[in-house]
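Working notes, beginning with the structure itself.
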Number of protein chains: 2
Amino acid sequence: MTASKAPRRLARDDETAQDPGEQVLRESAELMFFGYRSLTQDPDKILAERDYGRAHHRALHFIGRQPGLSVAGLLDILGVTKQSLARVLKPLVDDGLVEQHVGENDRRQRLLFLTEEGFAFEERLSAPQRARLTRAFREAGPEAVEGFRAVLELMMDAEQRKQALTVIAGAKTP
Amino acid sequence: MTASKAPRRLARDDETAQDPGEQVLRESAELMFFGYRSLTQDPDKILAERDYGRAHHRALHFIGRQPGLSVAGLLDILGVTKQSLARVLKPLVDDGLVEQHVGENDRRQRLLFLTEEGFAFEERLSAPQRARLTRAFREAGPEAVEGFRAVLELMMDAEQRKQALTVIAGAKTP
DNA sequence: ACATTTATGTCAACATAGCTGACATAATTC
DNA sequence: GAATTATGTCAGCTATGTTGACATAAATGT
C-alpha cells in the first residue's frame with residue numbers, strides 16, 4: 001500500500017531538528033494538542049463544581065499574576081472581546097472572587113484584584129497543573145525544561161512573544 | 001519585598017528544574033497557553049474561509065495521519081461524543097473532503113479517508129503550523145526540540161501518553 | 001436460528017464561550 | 001465644552017461541546 005504519487009510517510013523518527021521532517025512536525029503539533037488537553041483537564045473538573053469554565057480560570061490566573069491589572073490589560077492578554085470577558089468577569093466579581101478598585105491615576109479604570117477567596121480558589125485550580133508540570137519537569141530534567149520553554153517562546157510571533165514575556169515578567173504596562 | 005507569609009514571587013528565572021519554583025511553573029502554564037494559541041491561529045483563519053472550525057482541522061489531521069481510521073478510533077483520539085463528531089464529520093463528507101469506506105473485515109465500520117481535495121486542504125491548513133514549528137525548532141536547536149517533545153509527552157497521564165504515542169506512531173489499533 | 005452486542009447515525013435540547021453591533025456612562029484630555 | 005477613552009451592557013449569532021433517546025445493520029454468542 002505504498003503511495004504512488006505523493007510520498008506521505010517517509011520521515012524517520014530520529015533527526016528531530018535542523019530540517020525536521022514532516023512526520024516530526026506533525027507529531028509535535030499532536031503533542032501540543034494532547035499536552036494542552038492534559039494540562040487543562042484537572043482544573044476543568046474543579047471548575048465544573050462551581051459552574052465555571054476554562055475562561056474563568058484564565059481570568060483568575062492572570063489577575064492573580066498581575067494584581068491591579070486593568071480590564072483593558074486583561075482583555076489584551078486574553079485576546080477576547082470585552083463582551084466575552086464580561087460574561088466571565090461579572091460572575092467572578094458577583095461571587096466575591098475578584099474585586100474591582102477604581103484606578104488611582106485614572107478613575108475610569110477598574111483595577112482587578114483577587115480576594116482571599118479568589119486567591120484560594122485559583123490556588124486550588126492551578127495546584128494540579130503545577131503538580132503535573134513538576135512531575136514532567138523532574139522526569140525530563142533541567143535541559144529538557146529549558147528546551148520546552150525555549151520552543152514555546154519561539155513559537156510565537158515577535159509581537160505575541162513580546163507581550164507574553166511582558167506578562168510573564170509580571171511587569172505592568174507603563 | 002520578601003513575602004511574610006505566602007511567598008508568591010520568589011523564584012529566579014534560572015534553575016528551572018529539580019524543584020522548580022511556583023513562578024517557573026506558572027510561567028510554563030502561560031507559555032503553553034500562548035504557544036497553543038499561536039499554533040492554532042494561522043489555520044483558524046484559513047478555516048474561516050470555508051465556514052469550518054478548529055474541530056474540522058483536527059478531524060482532517062488525524063484522518064490524514066491514519067488513513068482507514070474508524071469512526072470509533074477517531075472518537076477515541078479526539079475525546080468527544082459521536083454527536084459532536086458527527087456535526088464536524090458530516091460536512092466534511094458532504095463537501096467531499098472525507099470519504100467513508102465500508103470496513104473489509106467488519107462491514108459495520110466506516111473507515112475514514114481523505115479525498116484528494118481533503119488532503120490538499122489539510123496540507124494548506126497545517127502548512128503554516130509546520131512553518132511555525134520549523135522556524136521555532138531551527139532557532140531553538142535540536143536539543144531544545146528533544147526537551148520540548150519530552151516534556152509534552154511526560155505531561156500526559158500514563159494512559160493518555162500510551163494512546164497519544166500510538167497515534168503518533170501512526171499504528172492502527174489491531 | 002435467534003438474541004444480544006457493537007458500530008454507526010441521527011434527532012432534539014441544552015451549555016459555554018467566542019463573536020459583532022449598538023448604545024450608555026463617567027472620566028480624561030484636547 | 002467637545003472629543004476621546006475605559007468600561008459596562010443588551011441583543012443576537014456561531015461553533016463546539018454535552019445528554020438522552022432511538023434506529024439500523026452487522027457481528028457474535030448460545
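Labels below follow one simple rule: chain letters A, B, ... track the order of the sequence lines, proteins then strands, and each chain is numbered from 1. FYI, side chains are in, hydrogens and waters are out, and symmetry mates aren't considered; it's all heavy atoms of this structure.
Taking atom CG on Leu111(A) and atom P on dG8(D), their separation rounds to 11 Å, with Å as the unit. For the pair Asp76(B) CG and dT6(C) P, the interatomic distance rounds to 15 Å; values are reported in whole Å. Put simply, NE2 on His101(A) is 15 Å from P on dT7(D), counting in whole angstrom units. Separating the CD atom of Gln41(B) from the P atom of dC19(C) is a distance of 13 Å, rounded to the nearest angstrom. Atom C1' of nucleotide dC23(C) and atom NZ of Lys82(A) are separated by 9 Å, given to the nearest angstrom.
The base of dG9(C) does not come close enough to the side chain of Arg110(B) for any donor and acceptor atom to sit less than 3.5 Å apart.
Nearest nucleotide to the side chain of Asp106(A), out of dA27(C), dT7(D), dG17(D): dA27(C). Among the nucleotides dT9(D), dC19(C), dT8(C), the one closest to the side chain of Ala86(A) is dT9(D). Across dC19(C), dA26(D), dT28(C), the shortest atom-to-atom separation from the side chain of Val80(A) is found for dC19(C). Comparing dG17(D), dA6(D), dG9(C) against the side chain of Arg87(B) picks out dG17(D) as the nearest.
When each of Arg54(A) and Arg108(A) is assigned the nucleotide of DNA chain C bearing its nearest heavy atom, the one mapping closer to the 5' terminus is Arg54(A). For the pair Asp51(A) and Gln83(B), nearest-nucleotide mapping onto DNA chain C gives the more 5' position to Gln83(B).
Across all strands, Lys90(B) comes closer than 4.0 Å only to sugar-phosphate atoms, never to a base (heavy-atom distances). Asp44(A) comes within contact range of no nucleotide atom at all, as no heavy-atom separation falls under 4.0 Å.
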